[in-house]
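Written out below as structure tokens is the structure these notes cover.
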Amino acid sequence: MSVWFNPARELDALLRKVAPSVPGLDASFQPELRPSDPRHADFQSNGAIAAAKKAKANPRALATALVDAVKATGELDESLIQVEVAGPGFINFKLTPKALGAWLREYRDESKWRAGASRIMGGRKVVIDYPSPNTAKQMHVGHLRPIVIGEAVARLIEFCGAELVRDNHIGDWGTNFGILILAIKRAGFQLDAKSPTALEDLERLYKEGSVLTKADPAQLDAARAELARLQQGDAASLALWTEIVAVSNAACQRIYDQFGLKTDVILGESFYRDKVDQVYTELQSAGLAEESEGALVMWCDEEPRFSRHAETKMPFIVRKKDGSSNYASTDLATLLHRTEHFKADEIVYVTDGRQQDHFQQLFLNGAKWFRATDRKLPRLRHVWFGTILGEDGKAIKTKSGDPVRLQELIDEATERAFTAVTEKNPDLPEAERRAIAKSIGVAALRYVDLSSNRTMDYSFSWTKLLAFEGNTAPYLMYAVVRVRSIFRKNGIEPGQGEAGATDPETPTEIALARKLLGFTAALDQALEDLRPHHLCTYLHELAAAYGAFYAADSVLVDDPAVKARRLMLCARTTSIMECGLRLLGIEPVERM
RNA sequence: GUUCCCGUAGUUCAACGGAUAGAACAUUGGUUUCCUAAACCGAGGAUGUGGGUUCGAUUCCCGCCGGGGACACCA
């Protein structure tokens with residue numbers, strides 16, 4: 001028997017296979033296989049309990065029959081996986097030290113894990129939409145989330161075998177431009193793209209315009225007129241727009257560089273300016289869109305919230321009454337382009353949770369449109385995240401008050417990390433300390449954002465974002481540093497010195513080995529609904545298991561077999577930690 | 001008002017209907033002639049509220065209380 005990369009999946013398949021041969025079960029049997037509390041087992045199957053209820057059978061007896069059927073296949077090597085029925089009818093599977101040792105020897109590096117994980121999304125073409133900022137604003141702390149979550153989700157998808165296109169769908173064609181152009185004209189401002197304060201100037205002007213249009217409906221109409229002029233191709237407006245976008249993109253890129261973010265294409269809303277007419281035409285001829293209060297809208301009568309009969313009307317406005325496009329128009333055009341041009345099997349949108357209604361409408365209406373025009377709809381997923389709240393419990397916004405600038409946050413985190421690095425490693429050259437500090441500082445920031453469930457809101461706090469202890473990136477990075485230090489001391493690289501490695505033996509070795517195998521389950525879980533925090537939780541547990549092992553079991557011992565197996569455990573720990581950290585967008589360091 | 005999301009130790013967060021609700025910070029007791037103590041080992045401390053479904057509920061359903069978001073041409 002070859003060594004299973006993902007025992008949970010294999011056991012699940014095995015249980016499904018034998019179920020029809022067990023009296024009371026059939027092919028619809030759901031094993032409900034999942035990682036177990038390590039006090040009980042490595043994996044447990046709970047499906048027999050529910051199935052027994054359906055079949056009016058004794059759950060323990062059914063579970064036992066299932067176990068017997070599994071054993072009868074001869075596909076389960078009991079020297080590797082022990083199985084027993086427990087509690088009300090759980091089937092517990094426990095990996096033996098022999099199985100742990102075999103796995104560690106077989107799945108020794110990233111290429112092996114990639115190959116194993118590629119069964120999840122291999123052969124699929126995915127377009128991911130992130131970080132998609134609005135143009136002409138400085139990035140503030142609120143922009144941390146789409147960058148960091150989007151990047152982690154993208155890397156996870158790619159790791160699991162999908163062919164990925166990262167599309168930065170910037171907001172460069174909306175009413176905010178009307179407001180900005182209006183404000184620029186009013187102020188008689190001359191935009192100089194080379195000026196170091198160009199972006200600050202734009203932001204200030206936007207704020208002025210924003211205040212103005214809020215206070216005065218006539219000014220809002222003027223702003224809309226500016227946008228309409230731009231969308232109609234007015235040369236002067238276009239020239240100004242081009243410069244604004246250039247200034248904005250350059251500023252964003254400086255931030256992206258520091259987060260290691262590289263998108264493949266930047267196809268903002270403006271890219272679709274000549275593609276929205278097709279959308280209007282198709283929707284109208286299919287009878288899916290209609291005029292309402294001068295605008296072109298879509299209703300979803302099958303979904304009460306978006307029905308024309310709803311108490312509070314929420315139409316999907318596809319074209320504004322002045323004829324210009326909006327978010328909905330460009331998103332529909334974008335959907336079509338990604339389907340036809342990129343041949344997407346799946347599209348992932350990474351935005352904040354306030355846009356949930358919009359995406360539900362987009363997905364529903366997009367499905368109708370594609371059905372009417374006989375197109376195949378890709379799988380559409382909205383990966384949304386909660387808001388970073390200010391002290392008032394409200395979202396941190398550029399419009400109100402002055403939220404912390406993202407660059408300021410990066411600089412502060414880097415500075416604090418530099419102090420810590422200098423304290424710990426005063427002998428390292430300053431350039432190296434600076435580089436290490438930058439890695440740690442940025443890693444700490446992104447880890448805070450990734451380590452909690454993305455759908456939760458959280459309050460901005462300097463303390464939290466700059467914490468270096470506990471479940472933080474520096475803790476994980478430190479685990480890597482300690483492993484690597486062992487190899488450095490020994491004059492070898494991870495992966496060397498493993499010949500003759502025996503199976504894990506001490507409690508801490510076994511606990512570490514089991515945790516290493518848990519990588520596959522963590523990937524499954526993180527991929528399931530694209531929630532990177534599952535990977536964070538796993539890496540933290542792995543680092544903690546390594547910490548316990550490190551304290552209890554010396555690696556550099558005389559007994560060659562013991563030394564070899566501990567070096568193997570160290571090598572796998574550092575490789576999986578580094579691989580996992582990179583999936584989160586964090587680049588590990590050699591020393592800190 | 002309609003609707004969506006959320007409510008778990010002092011704090012910040014986990015828990016895909018499963019076994020004794022798991023961590024981190026903070027509090028507190030301990031560990032270093034030995035591979036980086038940014039570490040390790042231990043202690044105390046929690047499911048807003050009232051019902052329901054279930055063998056089993058933090059998880060699903062209903063009511064209430066509390067916080068946040070969206071709701072006609074912003075994205």
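Computed over heavy atoms, backbone and side chain alike; hydrogens, waters and symmetry mates excluded. Not measured: the values here are computed from a predicted model. Lettering follows sequence order; numbering is per chain, from 1.
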Review point. More than 12 heavy atoms of other residues, nucleotides or ligands under 6.0 Å from CG of Asp301(A): is that the case?
Key: yes
Exercise for review: For Tyr475(A), answer base if it contacts any base atom (sugar-phosphate contacts may also be present), sugar-phosphate if it contacts only those atoms, and nothing otherwise; contact means non-hydrogen atoms under 4.0 Å.
Suggested key: sugar-phosphate
Practice item. Select from Leu227(A) and Glu590(A) the residue whose nearest nucleotide in RNA chain B is closer to the 5' end of that strand. Key: Glu590(A)
Check your understanding: Of the nucleotides A15(B), C5(B), C35(B), which one has an atom closest to the side chain of Trp384(A)?
Key -> C5(B)
Review point. For U11(B), does OP1 or OP2 lie under 4.0 Å from any side-chain N or O of Lys464(A)?
Key: no
Review point. For the pair made of OH in Tyr447(A) and P in C25(B), what is the distance, rounded to whole Å?
Key: 12 Å
Review point. Base, sugar-phosphate, or nothing: which does Ala295(A) touch, judged by heavy atoms less than 4.0 Å apart?
Key: base
Check your understanding: According to the interplanar angle, ranging from 0 to 90°, do the rings of Tyr349(A) and Phe359(A) count as parallel (below 30°), tilted (30 to 60°) or perpendicular (above 60°)?
Key -> tilted
Practice item. Choose from C4(B), C35(B), C6(B) the nucleotide whose nearest atom is closest to any side-chain atom of Met456(A). Key: C6(B)
Point to revise | Set of residues satisfying side chain to side chain donor-acceptor pair (under 3.5 Å) with respect to Asp12(A), sequence neighbours excluded | key: Arg16(A)
Study note, to complete from the structure: Quick note, Gln356(A) side chain, CB onward, closest among A75(B), C4(B), A72(B) is C4(B)
Review point. Of all the nucleotides listed (A70(B), A39(B), G68(B)), which has the minimum atom distance to the side chain of Asp457(A)?
Key: G68(B)
Review point. Closer than 4.0 Å, any side-chain N/O of Arg34(A) to the OP1 or OP2 of G18(B)?
Key: yes
Exercise for review: Mind checking Glu293(A) for me? I need base, sugar-phosphate or nothing, with any heavy atom below 4.0 Å counting as a touch.
Suggested key: base
Check your understanding: Using Watson-Crick and G-U wobble pairs with both distances under 3.5 Å, what is the 5'-to-3' dot-bracket string of RNA chain B, with [ ] for crossing pairs and | for pairs outside the strand?
Key -> (((((((..((((....[...)))).(((((.......)))))....(((((..]....))))))))))))....
Check your understanding: Should Arg224(A) and Asp322(A) count as an ion pair when the cut-off is N to O under 4.0 Å?
Key -> no
Check your understanding: According to a strict under-4.0 Å criterion, is Tyr206(A) in side-chain N/O contact with OP1 or OP2 of A75(B)?
Key -> no
Point to revise | Options C16(B), U3(B), U12(B), nucleotide nearest the side-chain atoms of Pro35(A) | key: C16(B)
Review point. What nucleotide, of A39(B), A19(B), A70(B), holds the atom closest to the side chain of Arg354(A)?
Key: A70(B)
Review point. What is the distance, rounded to the nearest whole Å, between atom CZ of Phe93(A) and atom C1' of A19(B)?
Key: 16 Å
Review point. With a cut-off of 6.0 Å (strictly less than), are more than 12 heavy atoms of other residues, nucleotides or ligands near NZ of Lys54(A)?
Key: no
Revision key, fill the gap. Of the listed A19(B), A75(B), C74(B), the closest approach to the Arg224(A) side chain comes from C74(B)
Exercise for review: Would you mind classifying the nucleic acid contact of Asp553(A) as base, sugar-phosphate or nothing, using non-hydrogen atoms under 4.0 angstrom?
Suggested key: base
Review point. Over how many whole Å does the gap from Tyr550(A) atom OH to C40(B) atom P extend?
Key: 11 Å
Review point. What is the ring orientation for Phe363(A) with His382(A), classed by angle as parallel under 30°, tilted 30 to 60°, or perpendicular over 60°?
Key: perpendicular
Check your understanding: Do the side-chain N or O atoms of Arg482(A) get closer than 4.0 angstrom to the phosphate oxygens (OP1, OP2) of A37(B)?
Key -> yes
**Study point:** Nearest-angstrom distance from the residue atom OH of Tyr478(A) to C1' of C35(B)
**Key:** 11 Å
Check your understanding: Phe385(A) has an atom CZ; how far is it from atom P of G69(B), in whole Å?
Key -> 16 Å
Exercise for review: When you get a sec, tell me which of A39(B), C41(B), A37(B) is the closest nucleotide to the side chain of Glu469(A)?
Suggested key: A39(B)
Review point. Which distance, rounded to the nearest 0.5 Å, do you find between the CZ of Arg381(A) and the CD1 of Ile347(A)?
Key: 12.0 Å
Check your understanding: For residues 529-544 of chain A, which residues have at least one heavy atom under 4.0 Å from RNA chain B?
Key -> His533(A), His534(A), His540(A)
Check your understanding: If only side-chain N and O atoms of Thr312(A) are considered, is one of them under 4.0 Å from the OP1 or OP2 phosphate oxygen of U2(B)?
Key -> no
Check your understanding: Given that Leu33(A) and Val555(A) both sit by RNA chain B, which one's nearest nucleotide is further toward the 5' end?
Key -> Leu33(A)
**Study point:** Phe549(A) ring center within less than 6.0 Å of Tyr546(A) ring center
**Key:** yes
Point to revise | Straight-line distance of Leu362(A) CG to Asp331(A) CG, nearest 0.5 Å | key: 5.0 Å
Review point. Of the nucleotides G22(B), G18(B), C73(B), which one has an atom closest to the side chain of Phe90(A)?
Key: G18(B)
Review point. Taking atom C1' in both U8(B) and U3(B), what distance in whole Å separates the two?
Key: 26 Å
Check your understanding: Between the base of A15(B) and the side chain of Asp37(A), is there any donor-acceptor pair under 3.5 Å?
Key -> no
Review point. Given G18(B), C35(B), C5(B), which nucleotide is nearest the side-chain atoms of Asn46(A)?
Key: G18(B)
Exercise for review: With heavy atoms under 4.0 Å as the rule, sort Asp352(A) into base, sugar-phosphate or nothing.
Suggested key: nothing
Check your understanding: For Glu432(A), does the CD atom sit with more than 12 other heavy atoms under 6.0 Å from it, leaving out its own atoms?
Key -> yes
Check your understanding: Are Arg416(A) and Phe468(A) in a cation-pi contact, defined as NZ or CZ under 6.0 Å from the six-membered ring centre and within 45° of the axis?
Key -> no
Exercise for review: Report the distance from atom CD of Gln360(A) to atom P of C4(B), rounded to the nearest whole Å.
Suggested key: 9 Å
**Study point:** Between C1' of A72(B) and CE of Met314(A), the distance in whole Å
**Key:** 10 Å
Exercise for review: Run the ring-centre check on Tyr272(A) versus His169(A) and record whether the distance is less than 6.0 Å.
Suggested key: yes
Practice item. Check the distance between C35(B)'s C1' and Leu556(A)'s CG and give it to me in whole angstrom. Key: 5 Å
